[in-house]
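Here the structure comes first, spelled out in structure tokens, and everything after it is commentary.
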Amino acid sequence: MKVHTKADPQVRENHRTDHPDPVGRTDRTRRRFIRNSTVAAVVAMAAPRLLLGKPGLPLGRVIKIGFVGPRTGALARFGECQDFILSGIRKLVASGLAVNGKNHPIQIIENDSESKRNRAAELATGLIKTERVDLMLASSTGETVNPVSDVCEKNGVPCITTDAPWQSYFFGRGGTAEKGFEWTYHFFWGLEDLIAVFMSMWTALPTNKVVGVLWPNDAEGIAYSDAKFGFPNVLQAKGYKLVDPGRFESSATDYSAQVAMFKSAQVEILTGVLPPPAFATFWKQAGEQGFKPKVATIAKAILFPAAVEALGDRGADLTTEIWWSPSFPFKSGLSGQNAAELCAAYEDETKKQWTQPLGFLHALFEVGLDALKRSKDVELPGAIRDAIRATDYNSIVGHIVWNGKPVKNVAKTPLVAGQWVPGYKFTHWLAGQKFKNDLVIVNSANDAAIEAQWKLEPLP
């Protein structure tokens, strides 16, 4: 792999020094990422810091880990990194897992939810009833984690999930602050973090504070639109005017009514939470019908490079949340890699651009294996559950601890704001290629440990 530095003529040609960089750290962040990527070019997956299996120990029974996530369907982008992560995890546990003086072989059984709630529930049931898994893991929006968690809760199987705002996971399953759940645990950020990050970013641009929203009839859309813990009350209290066309199916193919309403209300800020195909359809029709907001901040739909590239030139300068990136200052307790090294290893092996689920899927297995390793008796589901509850772990996405805040079954992770910047503005050289767009941090006011990299620009 050829790694370019700023001194190379090829990079000097693409390096822009005229862009305002209020934090003065863009060059330093880029140099650090390139330096870290050199390490990953040598090895695709670093050796584990601690030997998970210990030679000489008596052989224990196979520990089965079930995993449910979307590889196909509307949420397939979330599963793009599954092969890479699962391959790496299997290498790390090839020697087994030492638990209470025995070396246990680890079997990971993965299933494709097909982006369907019913399918996710069916698969979880099969993993429990037929495969008799010891631990269930699941990721990628409430459409996956909620049904899987519900099945595990009903059957008394320890379960850890991620990659869905905690309110849609917790309240969407009927959880209450007083009771919570016994068997199911989740780590991710919450709507309060998303709202704060979005508003902090929007204040960087002069707008009329009229916000058009796209909240579909799914777990996230219902959570985002909730009057109690969602967006409406907070935005209105801060002087924003909401233009809400109401809930709709994300499989819709005609968004003319929403576009017309936004244009009529002179919406200058667009936000929403949509699967990539749904937003692509909306954004295409919005362009055709002359809807041009100053800023468009969309959760879920534009988290992925391929989804943004599919939008063509209209994908540039869109904004979204960043839950994890190569610039985050965290390290895996399992492989020893930092965020930049994991991204670089993924790009070097797959020749694809890093995606945010990469870090969280790795962390999901980090946390799961850590809990198993600490279990007093892996034969008892309750012992594994208790080990999950006692988690106090530094992962590649940050510190994970279930301490009852904000609720019993949820651990929170950092969140910042980002913008998709054309590659010629923010050069990202890795594996000998330049990517069309880079997702860069434009606002990190809510987390002092994470550096901003760029100044927010309005849509053209």
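Because the structure is predicted, anything quoted here is derived from the model rather than measured. Side chains are part of it too, since the values below use all heavy atoms of this structure and drop only hydrogens, waters and symmetry mates.
Judged purely by atom type and a 3.5 angstrom limit, R90 uses its side chain to pair as donor or acceptor with the backbone of I108. Side chain of D348 to main chain of A344: no donor-acceptor pair is present (N/O by atom type, distance under 3.5 Å, no hydrogens or angles). For Q337 (side chain) and S332 (main-chain N/O), no donor-acceptor pair under 3.5 Å exists by modelled atom type. A donor-acceptor contact shorter than 3.5 Å is absent between the side chain of R77 and the backbone of P276. S115 contributes a side-chain N or O that, together with a main-chain N or O of T72, makes up a donor-acceptor pair within less than 3.5 Å. Side-chain atoms of E366 come within 3.5 Å of backbone N or O of G333 as a donor-acceptor pair. Checking side-chain atoms of D163 against main-chain N and O of S139 turns up no donor-acceptor pair under 3.5 Å. A donor-acceptor contact shorter than 3.5 Å links the side chain of K64 to the backbone of E131. Under the 3.5 Å distance criterion, the side-chain polar atoms of S87 are left unmatched by any main-chain donor or acceptor of F84. Counting only distance, with no hydrogens or angles, the side chain of N338 and the backbone of K331 share no donor-acceptor pair below 3.5 Å.
Look at K408 and E182 and you find a salt bridge, because one of the NZ, NE, NH1 or NH2 atoms lies within 4.0 Å of a carboxylate O, short of that distance. Contact check on E309 versus K436 returns no salt bridge, with no Lys/Arg side-chain nitrogen under 4.0 Å from an Asp/Glu carboxylate oxygen. Taking 4.0 Å as the cut-off between side-chain N and carboxylate O, E220 and K300 count as a salt-bridged pair.
Within the 4.5 Å cutoff, no side-chain heavy atoms of Y255 are placed close to those of F262. Side-chain contact between I222 and N217 is present, with heavy atoms from C-beta onward closer than 4.5 Å. Side-chain contact between L439 and I302: absent, with no pair of heavy atoms (C-beta onward) separated by less than 4.5 Å. Annotation: side chain of F78 is in contact with side chain of P70 (closest heavy-atom distance under 4.5 Å).
For the residue pair S250 / D218, no side-chain donor-acceptor distance below 3.5 Å is found, with atom types taken as modelled. In the model, E321 has no side-chain atom that pairs as donor or acceptor with a side-chain atom of Q356 under 3.5 Å. For N208 and K294, the side-chain atoms include no donor-acceptor pair closer than 3.5 Å. Side-chain contact annotation: T297 with W202, donor-acceptor N/O pair under 3.5 Å present. For the 3.5 Å distance criterion, the side chains of S149 and H186 fail to qualify, holding no donor opposite an acceptor.
Between W215 and F231, the ring planes are tilted. Angles from 30° to 60° get that label. Under the 30°/60° scheme for interplanar angles, the aromatic rings of F330 and F328 are found to stand perpendicular.
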Worked check of side chain to side chain donor-acceptor pair (under 3.5 Å) between Q167 and E192:
CA-CA 9 Å; Q167 288 91 342; E192 71 280 14; 2.7 Å; yes

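Side-chain rings of W324 and F360 stay apart, their centers remaining 6.0 Å or farther from each other. Taking the six-membered ring where the residue is Trp, the centroids of F188 and Y169 are separated by 6.0 Å or more.
For the atom pair K209 NZ and K241 NZ, the distance stands at 14.0 Å (nearest 0.5 Å). Taking CG of N409 as the reference point, atom SG of C159 lies at 10.5 Å (rounded to 0.5 Å).
Every residue two or more places apart in sequence or in another chain that forms a salt bridge (charged side-chain N to carboxylate O under 4.0 Å, His left out) with R173 is listed here: D150.
Of the residues I396, I89, L342, L92, the one that meets the side chain to side chain contact (heavy atoms under 4.5 Å, CB included) test with S335 is L92.
Counting heavy atoms of neighbouring residues, nucleotides and ligands inside a 6.0 Å radius, atom NZ of K284 does not exceed 12 of them.
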